[in-house]
There are 2 protein chains.
Amino acid sequence: MSEAEKREYLKRTPVFRGLSDEELDEIVPLLIERKLRGNTVVFHEGDTASAFYLVKTGRVKIYKVSPDGREQVLAILSDGQIFGDVPTFDGGPYPATAETMDDTKIFLIPREDLLGVVRRHPEIAIKVIAVLGQRLRQALELVRDLSFKQVPHRLAGLLLKLADEYGEETEKGTLINLSLSRQELADIVGTSRETVTRELKKMERNQLLRIDRRYITITDREGLKRWARL
Amino acid sequence: MSEAEKREYLKRTPVFRGLSDEELDEIVPLLIERKLRGNTVVFHEGDTASAFYLVKTGRVKIYKVSPDGREQVLAILSDGQIFGDVPTFDGGPYPATAETMDDTKIFLIPREDLLGVVRRHPEIAIKVIAVLGQRLRQALELVRDLSFKQVPHRLAGLLLKLADEYGEETEKGTLINLSLSRQELADIVGTSRETVTRELKKMERNQLLRIDRRYITITDREGLKRWARL
DNA sequence: GAATCAGAGTGACGCAAATCACAGCCGCTC
DNA sequence: GAGCGGCTGTGATTTGCGTCACTCTGATTC
């Protein structure tokens, strides 16, 4: 990938957006490109931070694991999104595990290099604050959902969010263009595979959506919103 | 409160710690002191941020409310701790409600004033990042607990945390020197009042602690840790 | 086309914890 | 001291959902 392309890429990124070309030229040489197969762990929760990551192509999931192996997904990241930011800046361990979901291209910037850049351009710190604030809001929304909403509502809410982010309009309704297994849906919502199956069926029976294998088409968005109690 | 006292106070605060006296002198005049009775709402979730707060005396709880009035407490803050930071820096609405638990003295700094200070002293931004990182880790721990642990373990974990933060050693064990009602404990752990009662009794029966009204003394810390599956 | 295997659907069952419904129990004030 | 209102403790009941134990489906490989 050429320098110029990398620069263009950085401009689409939440932390480096809005920097001048000269500033970006300082960052570009720090980018290290990596290709990863699907289901590759980038780092484990608890590892000490060595780098800051950016997703180029493919999807990366960030999750916590319970002692008995259950997963709670915190975020699924794709093009232009960053991860491993918190530990890079505060020096602590990664608070969750990061794993690729498909074949993926990522960039990484070694921690020390990035800290140098931020020291030289403190205005980046303001952007970082914005990103962390965003993350924190997200995390608190998850807390609210886990604490107050029951599974069917959380699931419906997830589908609506996925439709917004990855939806594609068809004559039947909004097709969620993101191939997730029942287990993956369960890990996001915080429930079991079986319950996802059952609740999806229930929604289908209520004419809210249509299921075809892994593809879900939302046919009644308003109804689904009511179902989600949103 | 005198200027000098305010300066000393700021030095004990996570964001302003480590600043020079001259820098602090710039901040001191921005501090506005407020006395609040117990159970006073400082701001509601969703309000647009007008200021940044610091706790002087008393306790402030930060929490989310469900549509039917249940509360999930995110943090209980006391001397020297700050709140309302995220929205102050990213300009969004407050992500949760803040309410005093007793008669309280707080300081506030209007948003615009604080942003001015940070613009003039970008090194504060680094501190802010550290605080947000800390908050985010905390929030993710809460997610983990809600998602993976069941109520008895969460409750035991809370007691251990309270013992660390507010504990006082006695000959009987560690007395938790913080008067919380069953309902408040329930709101922190994310359960019901009745369940807290029952689970506390269960721990008392198992010789892990002693209950005297609102005062809990932990008599077997190791046992309690095992109970918490920590 | 048989064999294999991961993912998906389904029913039965059990259990943690919420909810409901009361009955004490302090600390108030009048 | 009677009455009152906010916290507690307690049993009975309900329920949401996880778990278990299968079967079924549709790819993939031989």
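Lettering of chains follows the sequences in order, A, B, ..., and the numbering in each one begins at 1. Just so it is clear, the model here is predicted, and its values are computed rather than measured.
- If you take CD of A:Glu204 and C1' of C:dG9, they are 12 Å apart, rounded to a whole angstrom.
- Distance CZ (A:Phe148) to C1' (D:dG16): 18 Å, rounded to an integer number of Å.
- Overall bending of the helix from C:dG1-D:dC30 to C:dG27-D:dC4, expressed as the angle between end axes built from five pairs apiece, is 30° (10° steps).
- Remark: A:Lys61 is positioned above the aromatic ring of A:Tyr63, its terminal NZ or CZ atom under 6.0 angstrom from the ring centre and at most 45 degrees off the axis.
- The CD-C1' distance, from B:Glu199 to C:dA17, rounds to 9 Å in whole Å.
- Side-chain N/O atoms of A:Thr197 include none lying less than 4.0 angstrom from OP1 or OP2 on C:dT10.
- Between the CD atom of B:Glu184 and the P atom of D:dC7 there is a distance of 9 Å, rounded to whole Å.
- Position along DNA chain C of the nearest nucleotide to A:Arg198 versus A:Arg213 favours A:Arg213 as the more 5'-ward residue.
- Atoms CG and CZ, from B:Asp68 and A:Phe148 in turn, are 8.0 Å apart once rounded to the nearest 0.5 Å.
- A:Arg193 places its CZ atom 15 Å from the P atom of D:dC24, with the value rounded to the nearest Å.
- Following rounding to the nearest Å, B:Arg182 (CZ) and C:dG24 (P) show an atom-to-atom distance of 19 Å.
- At whole-Å resolution of the value, CD in A:Gln150 and P in C:dA18 are 12 Å apart.
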